[in-house]
Amino acid sequence: MIVFDDLDRTSTDWNTVNQIVFDLLRVVLWLIEFKRLHTKIFLRGDQLYRLDLRSFPDVAKLTVKSAGLRWDRYDLHGPLWQRFCNADHEYGAVLRDLYARITGQPARAEDGVWLLSNEVKTDVYLQRRLFAALAGDRMGKDSWRGEPYEWLVNHLADGAGWVSPRSFLAAIRAAAEDSERYPNYPYPLHYESIKRGVPQASQVRVDEIAKDYPWGTKLMAPLHGLSVPCPIETITASWQERFPNGPADLGGDYLPPLWIDHGWSGIKNHLFHLGIVEFTSDNRINMPDIYRIGFGLGRHGGVKPIKTGTSPVV
């Protein structure tokens, strides 16, 4: 098995990266004939977007085996319970007992690993009941605030509605640790602790963005302290003040943003396609909590942003 990743680090020029990826795809297509050689290529969405695969011969042989790394709600809660049931010592035993009582299907041991049924990995109804056993069915004293199963994923989703598994697990871990301050609460996870877990998850996601898109934290630094939704002009003015030469100032030893040649309008469109920002019906810019909090932006009535002292360093 030969794995290719971090192809965006091969050059600081998009055209060069595109050519490298095209040539790599040709090599992979050639290697298909070798039964004992297997290849796997990881491509970011914006990399794939720039490739005109219509001109690529036999591209169907590659795309038919492609898979998007997108995580739906059940894709998050399934692995969560896989981890729970394989926890060490008495903790795992307690969680496996809870799992069996709720689902009616005990976890199955195989080669020292506890396995869940396939049904639990995809059945939202069962997952909802399992999470309610941990966190209840309310995000407050009243039901109108929503239920933890839905609330947490909704506040961790990006503009496209997708959630990073690493962010989800970070939020659960932070919520579990914080819930120790509520010893008399009838559930292991307190709803206020779940809310406090979102900033931790946001920081994890912002760190991921900093790795995949190094220009991202530099671009977001001037927006620290703003409240969203806000007019597009407000965002642009903040950028223009920090970067008087326009998006060209975002350059460095890494691949620049997509559509950088289109000015700030192109940058905003790129952020939209990455799910970092959203456009409201009245043409203002909004930012999902998973990014807003970590980048230090506010919103009336929303989860508070990361404090200034922990803002991204540029």
Side-chain angles (χ1 to χ4, degrees), residues 3-22 24-25 40-51 66-72 75-76 79 155-171 198-224 235 239 243 247-262 264 266-278 285 287-297 305-306 310-314:
V3 179
F4 299 90
D5 199 1
D6 283 339
L7 294 174
D8 55 304
R9 305 304 175 96
T10 57
S11 175
T12 59
D13 176 73
W14 271 105
N15 291 326
T16 302
V17 172
N18 293 343
Q19 188 60 55
I20 289 173
V21 173
F22 259 106
L24 177 59
L25 291 176
K40 184 182 293 291
I41 302 175
F42 289 94
L43 287 176
R44 293 191 334 222
D46 54 331
Q47 290 176 272
L48 191 62
Y49 177 85
R50 283 184 59 92
L51 299 178
S66 65
L69 296 181
R70 296 291 191 176
W71 300 78
D72 211 330
D75 293 318
L76 300 167
H155 282 76
L156 298 180
D158 65 10
W162 302 108
V163 178
S164 159
R166 199 173 283 118
S167 300
F168 179 73
L169 292 176
V198 174
Q200 297 294 329
S202 180
Q203 192 60 59
V204 168
R205 186 62 187 133
V206 165
D207 291 342
E208 290 177 336
I209 287 293
K211 176 182 179 297
D212 293 339
Y213 307 96
W215 48 266
T217 50
K218 186 176 183 179
L219 183 67
M220 291 298 165
L223 308 184
H224 191 89
I235 301 288
W239 285 339
F243 311 112
D249 285 343
L250 296 173
D253 298 328
Y254 42 77
L255 199 63
L258 196 63
W259 300 317
I260 191 172
D261 295 336
H262 292 75
W264 294 122
I267 297 298
K268 284 178 287 189
N269 286 333
H270 188 29
L271 293 176
F272 172 77
H273 283 278
L274 293 177
I276 296 177
V277 302
E278 305 166 314
I285 280 187
M287 186 176 291
D289 283 352
I290 191 62
Y291 295 119
R292 177 187 65 80
I293 298 169
F295 283 127
L297 283 76
I306 300 294
T310 57
S311 61
V313 177
V314 179

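What you see is a predicted model, and the numbers here were worked out from it, not measured in a lab.
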Kindly write out the residues that satisfy side chain to side chain contact (heavy atoms under 4.5 Å, CB included) with [X], not counting sequence neighbours, or none if the list is empty.
{"X": "Asp5", "result": "Phe42"}
{"X": "Asp207", "result": "Gln203"}
{"X": "Arg50", "result": "Trp14, Asn15, Asn18, Leu258"}
{"X": "Thr16", "result": "Ser11, Asp13, Ile20"}

Looking at every non-hydrogen atom in both residues, tell me the closest pair between [X] and [Y] and how far apart they are.
{"X": "Gly159", "Y": "Glu278", "answer": "CA-OE2, 3.6 Å"}
{"X": "Ala201", "Y": "Ser167", "answer": "CB-O, 3.1 Å"}
{"X": "Gln47", "Y": "Val21", "answer": "NE2-CG2, 4.5 Å"}
{"X": "Tyr291", "Y": "Val206", "answer": "O-CG2, 4.3 Å"}

Please examine the side chains of [Y] and [X], heavy atoms only from C-beta on, and report whether any two atoms are closer than 4.5 Å.
{"X": "Val277", "Y": "Lys268", "result": "no"}
{"X": "Ile41", "Y": "Phe4", "result": "yes"}
{"X": "Val204", "Y": "Leu169", "result": "no"}

**Prompt:** Counting N and O atoms only, with roles assigned by atom type, does the side chain of His224 sit under 3.5 Å from a partner on the main chain of Phe295, one being a donor and the other an acceptor?
**Reply:** yes

**Message:** Check whether Arg44 reaches the backbone of Asp212 with its side chain - one donor and one acceptor, N or O, closer than 3.5 Å.
**Reply:**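 Pair found, side chain donor or acceptor close to backbone of Asp212.
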
Test of understanding: with side chain to side chain donor-acceptor pair (under 3.5 Å), list the residues that count as partners of [X], not counting sequence neighbours.
{"X": "Thr10", "result": "none"}
{"X": "Arg70", "result": "none"}
{"X": "Gln19", "result": "Asp23"}
{"X": "Asp158", "result": "none"}

**Message:** Please enumerate all residues that pass ring pair (Phe, Tyr, Trp, His ring centres under 6.0 Å) together with Tyr254, with sequence neighbours excluded.
**Reply:** none

**Prompt:** With sequence neighbours left out, what residues match Trp264 under ring pair (Phe, Tyr, Trp, His ring centres under 6.0 Å)?
**Reply:** Trp239

**Message:** Could you measure the distance from the CD1 atom of Ile209 to the OG1 atom of Thr217? Nearest 0.5 Å is fine.
**Reply:**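 Answer for the CD1-OG1 pair, Ile209 versus Thr217, is 10.0 Å.
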
**Arg205 side, atom CZ; Ile276 side, atom CD1 - distance, nearest 0.5 Å** =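 So the CZ of Arg205 and the CD1 of Ile276 are separated by 7.5 Å.
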
**Request:** Using side chain to side chain contact (heavy atoms under 4.5 Å, CB included) as the criterion, point out the one residue from Asp261, Leu219, Ile267 that pairs with Pro247.
**Result:** Ile267

